[in-house]
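Here's the structure, in structure tokens; my notes come after.
Order of the sequence lines fixes the chain letters, A, B, ..., with proteins taken first and strands second; residue numbering starts at 1 for each chain.
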2 protein chains.
Amino acid sequence: MLDAALEIISEQGVAALTMDKLVARVPYSKGTVYNHFSGKEDLLVALCNSSMQSLLELFQRVLTFNGLSRHKMLAICFAYMLFAKLYPRKFMLVITAKIPAVSEKCSSRRQAEHQELDETLLGVAFEVIREALEAGELTLPESRLPEQVAFSVWAMCFGTIALLSEDIEQCSARSELLMEQEVISHSNIVLDGLGWQPDAAQSDMNEVVNRFKQELFAEEIEKLGYQGRSLKL
Amino acid sequence: MLDAALEIISEQGVAALTMDKLVARVPYSKGTVYNHFSGKEDLLVALCNSSMQSLLELFQRVLTFNGLSRHKMLAICFAYMLFAKLYPRKFMLVITAKIPAVSEKCSSRRQAEHQELDETLLGVAFEVIREALEAGELTLPESRLPEQVAFSVWAMCFGTIALLSEDIEQCSARSELLMEQEVISHSNIVLDGLGWQPDAAQSDMNEVVNRFKQELFAEEIEKLGYQGRSLKL
DNA sequence: CGTAACTTTGACGAATCGTCACTAAAGAGC
DNA sequence: GCTCTTTAGTGACGATTCGTCAAAGTTACG
């Protein structure tokens, strides 16, 4: 059901998604569809939630990475970007689910589910932060809580990807590499700003990034079909 | 016309905005309304653009501020947040205008107008960056362009505000001060990460923030009605 | 005035939404 | 095997919203 909805969105855009079209593609009737989703907006949020589930899988893969905490955090940021590039429409759904025009009209159950997923995602980042604090690679002033650190990184990645995704539809050629560069660069700026050791200048970023590209996301990157091009920082 | 649309949104939410309702509130007929806006989405983007115009005014006010370049940049970030808190619905419109469901369906003329406004806003930040470079308060590695610096700051502010605005509707009490804290704190993290002098630890942030609150935004802050509470960093 | 160019109107058809009285199937009790 | 209950599924239908367009109104100007 969700798959059919995604198909329609891929083919004709979100604006063209109607319940009637969905019903036509699915071996159920309108009534049944409405038993699962209270309306179009509810469907969109459900779609977004299932997307976040796949993002979560990418995130969790980072926890198995054998490396410094800072580089793990960087890998999480990279994973976020990878997700946005692999499934630009899914990423857009994540933004879509946040605007009132949609969230106002969706069922509270699904809204709660969405909130929970958000927190689970943050939880993965939090895990890495805890590790960094224990290892002494990150030291926080009293006034800054670990939760705030996770939020800082998240806000930067979200902002960067969201702003760059706007016009990704057409000019993908231009912005394809750009997004990767900017997300890595912005993440490093934030991590440097937080004083997370070792700072960007001390590591060979190309090497680090290439390592987790190969070790964690080789399959996804191949799917994207841009593995040949190198990353310039 | 735009005012009437905003009224409806304030009273009943974006989802409840219909062309029929707008027509009922306005001394024109449907046809005339459709002469100005190609459809609902076009109206939303127009609304967003007019909001960005008022944001631009806040930004430009910062250029008159007598202080270090870093503190000016901080004031721009603050202005962005102030705007989001003064007119949460308008800020939401800025996000709304970015999602494909809306931008897909709006006229290209208005889309171009939107793009241009975006760039004008970035231009203000760019002005401050140029000043910082000239004063030697900011030094960039070869690989980082001034435009990218503007984008970094913008992405961070946008991400922070967007993520915190999600649920501002209900629990404004909790998140009211929080947003101010987080935006200032996140901006400082980015500016530190960029190596923009003098770094956060070297200035009395409370003093700086209070200064531009009084000198630039006294009126707006009064309107918000929270001028009594102090900012804890 | 008269005519042409432009603006405004609102009734209308098309598209979309979401409901609800009804049917079908599955399982429980006897 | 029969009936009753429960649950899942149906799709025609009324209501809402959208966007159009031919006709009516307005202005500009010789």
Side-chain angles (χ1 to χ4, degrees), chain A residues 1-50 89 92-93 96-97 99-111 113-114, chain B residues 1-49 89 92-93 96-97 99-114:
Chain A
M1 206 119 114
L2 292 174
D3 292 341
L6 257 183
E7 266 178 39
I8 297 175
I9 293 178
S10 303
E11 289 164 19
Q12 314 176 33
V14 214
L17 175 67
T18 63
M19 293 309 250
D20 286 342
K21 280 186 196 161
L22 176 62
V23 166
R25 290 218 187 191
V26 131
Y28 298 102
S29 74
K30 209 165 195 180
T32 306
V33 172
Y34 272 90
N35 275 344
H36 290 277
F37 310 106
S38 72
K40 202 215 282 206
E41 286 74 17
D42 201 46
L43 169 64
L44 285 175
V45 177
L47 230 44
C48 162
N49 287 352
S50 105
R89 270 162 259 266
M92 273 303 168
L93 284 172
T96 306
I99 72 169
V102 173
S103 59
E104 271 170 12
K105 294 190 71 180
C106 95
S107 68
S108 52
R109 229 181 57 74
R110 211 168 298 275
Q111 188 74 42
E113 194 185 67
H114 178 78
Chain B
M1 204 119 113
L2 292 174
D3 292 341
L6 257 184
E7 265 179 41
I8 297 175
I9 292 178
S10 304
E11 289 166 18
Q12 312 176 33
V14 214
L17 175 66
T18 64
M19 292 310 251
D20 287 341
K21 280 185 195 162
L22 175 62
V23 167
R25 290 218 188 192
V26 132
Y28 299 103
S29 73
K30 208 165 196 179
T32 306
V33 171
Y34 272 90
N35 277 344
H36 290 277
F37 311 105
S38 71
K40 202 214 282 205
E41 286 75 16
D42 201 47
L43 168 66
L44 285 175
V45 177
L47 230 45
C48 163
N49 287 352
R89 269 162 262 265
M92 274 302 169
L93 285 172
T96 305
I99 72 169
V102 173
S103 59
E104 272 170 13
K105 295 190 70 181
C106 95
S107 70
S108 53
R109 228 183 59 73
R110 210 168 299 274
Q111 188 73 40
E113 194 186 66
H114 179 77

Next on the checklist: Once salt bridge (charged side-chain N to carboxylate O under 4.0 Å, His left out) is applied, do any residues pair with B/Glu113, and if so which ones, sequence neighbours excluded?
Outcome noted: none

Item to check | All side chain to side chain contact (heavy atoms under 4.5 Å, CB included) counterparts of A/Ala15, not counting sequence neighbours | outcome: B/Glu104, B/Lys105

Checklist entry - Mind checking what makes side chain to side chain donor-acceptor pair (under 3.5 Å) contact with B/Ser10, not counting sequence neighbours? => result none

Checklist entry - How many Å lie between CG on B/Asn35 and C1' on D/dC21, as a whole number? => result 11 Å

Side-chain donor-acceptor pairs under 3.5 Å in residues 30-38 of chain B, sequence neighbours left out?
from    : atom 1 : to      : atom 2 : distance (Å)
B/Lys30 : NZ     : B/Asp20 : OD1    : 2.6

Checklist entry - Which parts of nucleotides 10-27 of chain C does protein reach within less than 4.0 Å, heavy atoms only, written one letter per nucleotide 5' to 3' as B for base, S for sugar-phosphate only and - for none? => result B-----SBBB--------

Item to check | Under the salt bridge (charged side-chain N to carboxylate O under 4.0 Å, His left out) test, residues paired with A/Lys40 that sit two or more places apart | outcome: none

